[in-house]
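In what follows, a structure is listed as structure tokens, so that the remarks can point back to it.
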Amino acid sequence: MENLAGAQLPLDPFAEALPAIDIRMDWRYLDLRRPFNLLLFKVQTLAEMAMREYWLKTGFVEIHTPKLMGAPSESGAELFEVEYFDRKAYLAQSPQFYKQMAMAAGFDRVFEIGPVFRADPSFTSRHMTEFTGVDMEMSWVDSHEDVMAFMERWLQYIYQRVSDVYGAEIREVMGHDVIVPSLPFPRIPMAEAIEILKGRGYTLPADKKGDIDPAGEREIGAYVQEKYGHEFVFLTDWPISVRPFYHMRHPDNPNLTRSFDLLATGLEITTGAQREHRADVLERQALEKGLGLGPINFYLDFFRYGCPPHGGFGLGLSRLLMVMLGIPNIRETVYLFRGPTRLNP
RNA sequence: GGGGGCGUGGUGUAGCGGUCAAACAUGCGGCCCUGUCAAGGCCGAGAUCGCGGGUUCGAAUCCCGUCGCUCCCGCCA
């Protein structure tokens, strides 16, 4: 390829060796010329289309919730604050509350693909301060199992579509095989997962309180690959100490939630749960967590006038692409990366 | 917020106390060759080794500080 630009390129899209990741981010428009990247965004387009296809076939309605919020939706610790005329507003860190509002409104099943903001100063290969969240919520579930059962079929459909259309090209350009996952995905309760880790000689940090650290998750991913030959695993039934107040608890074990994470090749790509839809129980759980009711009263009100039992999940679009295409750094899977020190271009 | 690593021509790397006014690859410019292009050959431009200070007879190479980047942990998608 001849350079007709009349200047020396800071980044040669067809060079053998790629520049460091921050140089590639600086010159992203040159980096994006690489065939690898064009293919990546073709895959993303198809994947999103497949998501919507499956949702539409199963009775879902698309919603777009506001990204400007008057009050923190969940923890509040990782919120971006912005000026909003004569007061403060916050960038949405999740559509969680608003998609549940749709359940109270009788929408039955909703989804949203949209931006999410997290003011986390996280410097890792899998975090961004702005990313595309893939969220859904469905009514009339009996437990989180119904959500997982839906999700694994949905994911299998997406993988199948991507594999059918781009499998060969992905193998050629990216050197990676898209493996359409078999059903059902393995499910491992958290208590069992911790025992498995112990059995493999993996020592969890002492202060994890029923949680698993990223290295432990990778270890579980390896275990699942060995035992089941599967890239995915649902870690289920997390202790209440590490889950938000709105996760429903097990009636027979109030220390555990009806929740799950989905790990793909050891990477956390999803958190989901059945939600607590009973207003009195929800309020009690919020108080137990030490939350002030003031900021979440509007949310608690959703459930005071009738709301079906429901559950859902949130998935990181770029994290899905990472595992689907075998890309180790999330910055490569997003059009323009946003991180604690990256606001340009 | 805590910890590790890195910072050498456009880019990727080597060098890790003197022989380094810094090497290799690629890219860039020119010429040659070739009935086009590419490949190949030759020549050339391009870094005072992030910045500041220190140690030393002598530092890209050691130490301190600083800035930047990166990865891991925390947290999560």
Side-chain angles (χ1 to χ4, degrees), chain A residues 1-27 30-31 33-34 51 73-79 91-96 99 112-136 151 155 203-209 211-218 232 235 238 241-244 247 259-273 312-324 327-334 337-344:
Chain A
M1 186 66 63
E2 189 180 358
N3 171 23
L4 299 173
Q8 187 156 33
L9 297 172
L11 185 160
D12 178 358
F14 302 97
E16 287 179 28
L18 279 175
I21 188 73
D22 62 315
I23 291 175
R24 293 173 51 199
M25 296 299 103
D26 284 343
W27 303 93
L30 297 178
D31 188 44
R33 292 179 182 179
R34 295 163 51 230
M51 291 174 186
S73 60
E74 292 184 41
S75 68
E78 50 191 32
L79 277 173
L91 296 180
Q93 60 186 153
S94 161
Q96 184 60 37
K99 64 181 181 175
E112 172 166 15
I113 301 177
V116 178
F117 303 90
R118 302 277 167 89
D120 270 330
S122 293
F123 297 90
T124 77
S125 56
R126 62 183 187 281
H127 286 88
M128 302 189 276
T129 49
E130 175 180 354
F131 63 93
T132 301
V134 177
D135 276 82
M136 59 144 273
M151 182 176 191
L155 264 178
T203 310
L204 282 164
D207 58 345
K208 292 305 282 186
K209 304 180 296 188
D211 202 351
I212 293 179
D213 62 332
E217 290 179 338
R218 277 173 238 131
F232 293 91
L235 293 183
W238 294 60
S241 58
V242 294
R243 296 262 113 159
H247 282 193
S259 68
F260 65 89
D261 274 11
L262 178 64
L263 267 47
T265 61
L267 177 68
E268 183 179 335
I269 66 171
T270 293
T271 294
F313 65 79
L315 169 143
L317 179 62
S318 295
R319 285 195 179 180
L320 177 64
L321 287 170
M322 284 174 76
V323 297
M324 179 185 280
I327 297 170
N329 194 321
I330 203 165
R331 297 167 201 199
E332 305 202 40
T333 66
V334 67
F337 169 70
R338 284 293 178 266
T341 60
R342 171 65 68 173
L343 281 169
N344 288 299

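We use all heavy atoms of the structure for the numbers below, so side chains are in, but hydrogens, waters and symmetry mates are not.
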Just how far is it from atom [atom1] of [X] to atom [atom2] of [Y], taken to the nearest 0.5 Å?
X: D120(A); Y: H127(A); atom1: CG; atom2: NE2; answer: 6.5 Å
X: I212(A); Y: W238(A); atom1: CD1; atom2: CH2; answer: 6.0 Å
X: T271(A); Y: F313(A); atom1: OG1; atom2: CZ; answer: 11.0 Å
X: L91(A); Y: F117(A); atom1: CG; atom2: CZ; answer: 5.0 Å
X: L317(A); Y: D135(A); atom1: CG; atom2: CG; answer: 11.5 Å
X: L267(A); Y: L320(A); atom1: CG; atom2: CG; answer: 10.0 Å

If I pick the [atom1] atom on [M] and the same atom on [N], what distance separates them, to the nearest angstrom?
N: C16(B); M: U61(B); atom1: C1'; answer: 4 Å
N: G15(B); M: C20(B); atom1: P; answer: 16 Å
N: G2(B); M: G46(B); atom1: P; answer: 44 Å
N: G9(B); M: U55(B); atom1: P; answer: 28 Å
N: C43(B); M: U26(B); atom1: P; answer: 15 Å
N: G58(B); M: U19(B); atom1: C1'; answer: 13 Å
N: A25(B); M: A39(B); atom1: P; answer: 15 Å
N: A60(B); M: U48(B); atom1: P; answer: 12 Å

Would you call R126(A)-E268(A) a salt bridge at under 4.0 Å N-O?
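Judged by the 4.0 Å cut-off on N to carboxylate O distance, R126(A) and E268(A) do not form a salt bridge.
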
Hey, is R342(A) close enough to D26(A) for a salt bridge, meaning N to O under 4.0 Å?
yes

Picking from U70(B), A77(B), G12(B), which would you name as closest to the side chain of D22(A)?
U70(B)

Out of G27(B), C76(B), C73(B), which nucleotide sits closest to the side chain of D12(A)?
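Side chain of D12(A) sits closest to G27(B).
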
Taking only side-chain nitrogens and oxygens of [X], does any of them come within less than 4.0 Å of OP1 or OP2 of [N]?
X: S125(A); N: C72(B); value: yes
X: R342(A); N: U70(B); value: no
X: R331(A); N: C71(B); value: yes
X: R126(A); N: C73(B); value: yes
X: T270(A); N: A77(B); value: no
X: T124(A); N: C73(B); value: no
X: N329(A); N: U70(B); value: no

Identify whether any heavy atom of R218(A) sits under 4.0 Å from a base atom; if not, whether one sits that close to sugar-phosphate; answer base, sugar-phosphate or nothing.
sugar-phosphate

Pick base, sugar-phosphate or nothing for I21(A), based on heavy-atom distances below 4.0 Å to the nucleic acid.
sugar-phosphate

Distance-only donor-acceptor test, S122(A) side-chain atoms vs G74(B) base atoms, 3.5 Å
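Donor-acceptor pair under 3.5 Å: yes.
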
Can you tell me whether the side chain of R319(A) and the base of C76(B) have a donor-acceptor pair closer than 3.5 Å?
yes

Nearest-angstrom distance from the residue atom [atom1] of [X] to [atom2] of [N]:
X: M128(A); N: A77(B); atom1: CE; atom2: C1'; value: 8 Å
X: I330(A); N: U70(B); atom1: CD1; atom2: P; value: 14 Å
X: E78(A); N: G74(B); atom1: CD; atom2: P; value: 15 Å
X: E112(A); N: A77(B); atom1: CD; atom2: P; value: 15 Å
X: L18(A); N: U11(B); atom1: CG; atom2: P; value: 14 Å
X: R118(A); N: G74(B); atom1: CZ; atom2: P; value: 16 Å
X: E130(A); N: A77(B); atom1: CD; atom2: P; value: 16 Å
X: E268(A); N: C73(B); atom1: CD; atom2: C1'; value: 14 Å

Nearest nucleotide by nearest heavy atom, which residue falls closer to the 5' end of RNA chain B, L11(A) or F131(A)?
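The residue whose closest nucleotide sits nearer the 5' end is L11(A).
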
Test salt bridge (Lys or Arg N to Asp or Glu O under 4.0 Å) applied to R319(A) - qualifying residues, sequence neighbours left out
none

Output the pairing pattern of RNA chain B as a dot-bracket string, 5' first, Watson-Crick or G-U wobble with both distances under 3.5 Å, | for cross-strand pairs, [ ] for crossing pairs.
((((((((.[[[[.)..(....]]]].(((((.......))))).....[[[[[..)....]]]]])))))))....

